[in-house]
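Taking it in order: structure first as structure tokens, then the write-up.
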Amino acid sequence: GPSAADSQPVRLAYLQNDLHHLALWIALDKGFFSEEGLPVEVAGIFRSGPELMTAFGAGELDAAYVGQAPATIAAVRGTARIKVLAQANTEGSALVGSKALAEGKVPRPTLAIPGHGGVQELLLQKALPTLGLSADGVELVVVSPPEMLPALQSGQIDGFIAWEPYPARAVLQAIGTTIANSTAIWAGHPCCVLAAADDLIDKRPAVARSLIRAHGKATRYIADHPEEALAVAVKYTGMDEDVARRAMAHVTYVETPSLVGEEEYVRFLITRGVIKVEDAAAFTRSFIDLPTREAAAR
Amino acid sequence: MMLSPLVSALAVAGVWQAVCQTGLVPPALLASPAAVGLALVDLCRTGMPPGRTLPMHAWMSLTRVLVGTGLAVVLGAPVGLALGASPRLRGGFMPLVDFIRPIPPLAWVPLAILWLGLGLASAAALIFLGAFFPVVLATCSGVRAVDRSYVEAVRILGGGRLAVWRKVLLPGCLPAALTGVRVGLGIGWMTLVAAEFAGVRGGYGLGYMILSARDLQRIDMVMAGMVAIGLVGLAMELGLKRLSAHLVRWQ
Amino acid sequence: MMLSPLVSALAVAGVWQAVCQTGLVPPALLASPAAVGLALVDLCRTGMPPGRTLPMHAWMSLTRVLVGTGLAVVLGAPVGLALGASPRLRGGFMPLVDFIRPIPPLAWVPLAILWLGLGLASAAALIFLGAFFPVVLATCSGVRAVDRSYVEAVRILGGGRLAVWRKVLLPGCLPAALTGVRVGLGIGWMTLVAAEFAGVRGGYGLGYMILSARDLQRIDMVMAGMVAIGLVGLAMELGLKRLSAHLVRWQ
Amino acid sequence: MASALSIRGLQKTYPAVGGKPPVTVLGGVDLDVPPGAIVSLVGLNGSGKTTLLRLVAGLETPTGGTVRIDGREPVAGAAGGIGLVSQDLALLPWRTVRANIALGLELQGLSRARREVVAREYEAAFGLSACAERYPKELSGGMRQKAAIARTLAAGPGVVLMDEPFSALDCQTRNRMQAFLLDIWTRRRDTIMFVTHHIEEAAFLSDRIVVLTPRPSTVAAVLDVNLPRPRTRIDPGLTALRAKTLAILNRLSRQEH
Amino acid sequence: MASALSIRGLQKTYPAVGGKPPVTVLGGVDLDVPPGAIVSLVGLNGSGKTTLLRLVAGLETPTGGTVRIDGREPVAGAAGGIGLVSQDLALLPWRTVRANIALGLELQGLSRARREVVAREYEAAFGLSACAERYPKELSGGMRQKAAIARTLAAGPGVVLMDEPFSALDCQTRNRMQAFLLDIWTRRRDTIMFVTHHIEEAAFLSDRIVVLTPRPSTVAAVLDVNLPRPRTRIDPGLTALRAKTLAILNRLSRQEH
Ligand SMILES: Nc1ncnc2c1ncn2[C@@H]1O[C@H](COP(=O)(O)OP(=O)(O)OP(=O)(O)O)[C@@H](O)[C@H]1O
Ligand SMILES: Nc1ncnc2c1ncn2[C@@H]1O[C@H](COP(=O)(O)OP(=O)(O)OP(=O)(O)O)[C@@H](O)[C@H]1O
Ligand SMILES: NCCS(=O)(=O)O
Ligand SMILES: [Mg+2]
Ligand SMILES: [Mg+2]
């Protein structure tokens, strides 16, 4: 039965307007946490992963939906003692560019990324050769995703790589064309995860298992009820329905984490000099909490 | 002929609407006053994100700003007074003040979360950081500008340190300190978006609302949020001016 | 016994280092002074992101802050003077000023990018917005506080409007205006992260550096960036104080 | 080409503020200063002398009645028109003594060199040469007063208004300043209105003494000083005039208390 | 229980600033004021009278020599010790006339009611009742001066320092104030140091007149006024003393020019 500690609400957080976190909103909206007997509390809505990680480190959060990138970096650097309980989604980013870029007519394009060390930077690195470009042949600028659209429209950048819904919106508004969906660049690449504090996993393992199960239900719900899921996305973000629909079509909602994907990303971070990890494979196996997942599955 | 604030407000709105109607600027990037008006209505009814309406956003932000700026005044004024009155303290601590005050509030976000957690304390602390230094500097200059002869008059009449403070330095620096509070309050509001970066509990706040709308390219709502901040800030400023006129009526 | 700034700086660093050494705070969340020192060295050698070193970041930010704050002073001082001297203008435009000034710089980001692009102009404009209003308010109060009898003396001696400005109002409000410039410069630096948040061309800037370090959870580099901003801000402030002491040596 | 000053039914009321009643200072003052004359204005404290000078200088607007200088209303800012040594001196604190003295000339557009010459002349005449480079707050009370007088006279106004200009001077300096003023006046024939509580001084300097009643003030008496110039201080005519003026003031003072 | 004032070899030099040389104001002043005596300090403008009073009040520190009040160095802030009517008055602009007059009593911790009674008494004595609720800037120059004197005397200090306290008063008010001062002094026997340029006033009020030389000043002469009190203004002894003092000042003045 649930212990006294388990009746404490789980402090959850997510990033506002990130469609990748849809499963959380579904679970909240459809009562999947309650079904698991899990009291939850949205303890914070964040603007970006790094702040969310700080909140983890400060002991303010028990679990959160967040990008795999900030979660990995924080775990390695010790900002937050967390593990991945489940995948929230894979894929769901895209490289969008001006017509000229799509036609390969820009000799030295200016391309925007959302930040350094993110999955999108790795995706872009992978995509460049297919565009006939080298890392030295492009000008990289960091632009916050909402500003990528006006920047592209006003010709200050030639293209950008970002998570949905920014690519979808750019296409719908005819600001840019999709040059490559991330599925094409790196099929099944990791993106966002459900992460939990080590503290929670160690001291309240039942809660961790319940989280995984509720998340699993929510993820299956998205697959089974796409229209209802869309309605929840619109409800939680206020996004236009057609934008959300198009965006969600490019996001793959799966709950099983990919060890291979994470390991590759870790290696990328190591080569970029962002983190120092002796054994990427070992780190990945410890970072993704397979034992709890197995326990939850039983 | 008196220039009423209404006239100047209408003039600004008129130019703004005209710019929008030339069609030179895409409406997706600059909302017209009319569109912003509609967005305001929408924000009160539907909210952004849906269900989170403007009055609640405003209320939460107001709380954060009032707590942050209030603290800034309560702590900043004494610090400014002390620095203004003592060249020794000034020599020792003014460089520290001058070192800390240019540091952007956004850079403090991680430390604020670390020390104060998520919620009011953290947000108020960042607003505090914005408002604190203008209050300190203004109060400090204010004290230094008080005519020495008034201090001497009170000393000679038997007043000690405390009396010099109560009878001369405090009333004497009041006009300058009030200007500092006005600047501080403005900066407090200006710091709001940064403050709501620290993660908002419950998902309310004008800064949070603006950034949410920005994520969705709802420029009309972004601008409606700016207008809302402007109006709340203006209302507080007018209240402050009233108070100030009452306090320094001898001028 | 004089409290030297060095003593107070060492005291602060000592407390900070002690807090870090208690082990109560994880070093990943609060870097020690020693770690920040190392990070500074690292930032100068390797850079963040790698290849982009601190001096270049500082140089680019300095340019943005100087242009933004410079404009704020050049435009804000005349506006403050005009508002201070004319109750009519004050009545008409002060509410507008009070309306616009609390709006957070981050909220202006979309409009700044729209109008000014991703480069210097955009960043400088946001810094300008931060620094402008403190300068306006301080200058305005300064003008209003100038003793009327000085104005009368110049009028009586045959001075016209221009002469009243040049011989009385300008020198008379100088101390207050200089305080405004000091506050404005501080706020200008404070606005830096917001200004560089939207994206900077060339990938340089202390705010940009701090955000990059934040993305990579390098709290030591975030804090090193804060220290760098503090030091550059302090250096500018000291220069300003020198200038100010020279300009108002009659005090 | 000296100016004539004519004041008719002049009234001044300070409006009510913060629950305190309005104050009527001038209750209808009629007064004439012939071109090139020195008229002294005497009266008890608070009788409105300063207010009257400020109205003549165009620094306040009358509530009623008129002030005319050569038939025109006074305007502050008419270069070389009116000079005022105000009771609070109003030396610009950010200017040295020399720069203060040169202010009027500067406003008249004189060259730097020319200003320097005139300023030095006045510094010397007022015994301020040693502190010409000092700021006003470094001066003694009397020295500050001398600097303010020098500033006004150096500008060479046609109408000179002086509000207790010698009140902080020692006797010797006061006498010297009186002589200096008369000396300048003899050369320039400025029209001078002079406020003083020093009745002997009023009599010694003036062509006419005007006595104001207490607030709301009107003209209590006009005494013409028909004594030849240059005068001596021990002139019995002066003594008689002084006694007469004091008697009027004494009466006014007794009425007030 | 009046205080004795003793000044020995008092020196004061303002340090050099901004390339301007230091100024030695007092070059070694010796001066005694017996307990309960009125001593007038006279001297030319800039001779250091104000500086001397400020040193006695403990507002400046001497560069050399000593000031002793009852054997102790003066300290500003010792309630009820020293009173100073400074040349610049220093009325607090944010306080009404009444609140200014009551300031000293307030600092001594008197109850509001008691302060009110005393303040009203002084307002009445100084003819300020009508403007007790006004702020200083609403007063005429003379009224302001009276308010400053009232503020100092109301506090009842044992040593009263007055720096040209009556310079802006009309003759009648000046005489009344002199009488009022003597009246208070007769009752309280305060020790009074009185700076004035009005030699008649100095003679009429004082037990002793001290004349300072020009800067760097020393004591030029000490004249005892051995005349019985109450005095009349036309006392021939006074006239003689006045002539004698003026002669000294004239000599000093001629030497200076
Ligand atoms: N701003 C004001 N508001 C109200 N009353 C005022 C104001 N200014 C001056 N007064 C009043 O006007 C009267 C006349 O003042 P004014 O300064 O003209 O007198 P004065 O004759 O120059 O006196 P004094 O000889 O003392 O200099 C005084 O009773 C004073 O209180
Ligand atoms: N801060 C200062 N720096 C330099 N010199 C100063 C300063 N203050 C006063 N003095 C000088 O000290 C001298 C004496 O000044 P003080 O005010 O004591 O004279 P005083 O006898 O009171 O003259 P008065 O009769 O004009 O009031 C003057 O020459 C003055 O210029
Ligand atoms: N969907 C991306 C989320 S994060 O990388 O910014 O955390
Ligand atoms: Mg007057
Ligand atoms: Mg003096």
Side-chain angles (χ1 to χ4, degrees), chain B residues 2-5 7-9 12 25 29-30 88-89 91-96 98-108 110-111 114 130 133-134 137-138 141 145 175-176 179 182-183 185-187 189-194 207 210-211 214 219 222 225-226 229-234 237-238, chain C residues 2-5 7-9 12 25 29-30 88-89 91-96 98-108 110-111 114 130 133-134 137-138 141 145 175-176 179 182-183 185-187 189-194 197 207 210 214 219 222 225-226 229-234 237-238:
Chain B
M2 196 60 193
L3 258 174
S4 100
V7 171
S8 71
V12 169
V25 192
L29 292 174
L30 179 70
R88 221 180 103 197
L89 286 180
F93 290 107
M94 210 54 175
L96 200 66
D98 292 332
F99 170 74
I100 295 173
R101 69 188 174 87
I103 298 172
L106 264 177
W108 288 104
L111 297 177
L114 170 62
F133 297 108
L137 258 70
S141 312
T179 300
R182 287 170 53 206
V183 173
L185 190 64
I187 306 291
W189 278 105
M190 269 182 59
T191 316
L192 188 67
V193 173
I210 287 177
L211 290 183
R214 187 181 72 128
I219 192 77
V222 169
M226 293 165 76
I229 288 183
L231 289 178
V232 181
L234 176 62
E237 167 66 21
L238 290 183
Chain C
M2 196 61 193
L3 257 174
S4 99
V7 171
S8 71
V12 168
V25 194
L29 291 172
L30 179 70
R88 222 178 102 198
L89 286 180
F93 289 107
M94 211 53 175
L96 201 66
D98 291 333
F99 172 73
I100 296 173
R101 72 189 172 86
I103 298 172
L106 266 176
W108 289 105
L111 296 177
L114 164 65
F133 296 107
L137 257 69
S141 311
T179 300
R182 287 170 53 206
V183 173
L185 190 64
I187 305 291
W189 278 106
M190 268 182 60
T191 317
L192 188 67
V193 172
F197 187 77
I210 287 177
R214 178 197 73 147
I219 192 76
V222 169
M226 293 166 76
I229 288 182
L231 289 177
V232 180
L234 176 62
E237 167 66 20
L238 291 182

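Everything numeric in this text was worked out from a predicted model, so none of it was measured. Chain letters run A, B, ... following the sequence lines, proteins first and then strands; every chain starts at 1.
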Yes or no on side-chain contact (heavy atoms from CB on, under 4.5 Å) for C:F133 and C:I187, after CA distance, side-chain angles and deciding distance? CA-CA 10 Å; C:F133 296 107; C:I187 305 291; over 6 Å; no

side-chain contact (heavy atoms from CB on, under 4.5 Å) between C:L137 and C:M94, worked out: CA-CA 9 Å; C:L137 257 69; C:M94 211 53 175; 4.0 Å; yes

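Distance check, rounded to the nearest 0.5 Å: CE of C:M226 to CG of B:L106 gives 10.5 Å.
When each of B:I229, B:L185, B:V232 is scored by its heavy-atom pairs under 4.5 Å with chain C, the top score falls to B:I229. Residue with the most contacts toward chain B among C:I103, C:T179, C:L111: C:I103 (heavy-atom pairs, distance under 4.5 Å). Here B:G230 is the residue among B:P105, B:G230, B:A145 with the most heavy-atom pairs under 4.5 Å with chain C. Of the residues considered (B:L231, B:T191, B:L238, B:L192), B:L231 shows the highest number of contacts with chain C, using heavy-atom pairs under 4.5 Å.
Contact of B:V12 with chain C is made through the side chain alone, with heavy-atom distances under 4.5 Å. Proximity to chain C (any heavy atom under 4.5 Å) is shown, for B:P95, by both the backbone and the side chain. B:L96 touches chain C through its side chain: at least one heavy atom from C-beta onward sits under 4.5 Å away, while N, CA, C and O do not. Interface remark: B:R214 contributes side-chain atoms only to the contact with chain C (heavy atom separation under 4.5 Å). Only the side chain of B:I210 comes within less than 4.5 Å of a heavy atom in chain C; its backbone stays farther off. If you measure heavy-atom distances from B:V222 to chain C, the contacts under 4.5 Å come from the side chain alone. Looking at B:I219, only its side chain comes within 4.5 Å of chain C, counting heavy atoms on both sides.
Nearest heavy atoms, C:P102 versus B:G233: CG-CA, 3.9 Å. Between C:P5 and B:G91 the shortest heavy-atom distance is CD-O, 3.5 Å. Smallest separation of non-hydrogen atoms from C:P110 and C:A107: CD-O, 3.3 Å.
C:S8 places no side-chain N or O within donor-acceptor distance of the main-chain N or O of B:F93, the cut-off being under 3.5 Å.
Residues C:E237 and B:R101 meet the side-chain proximity criterion, which asks for heavy atoms closer than 4.5 Å.
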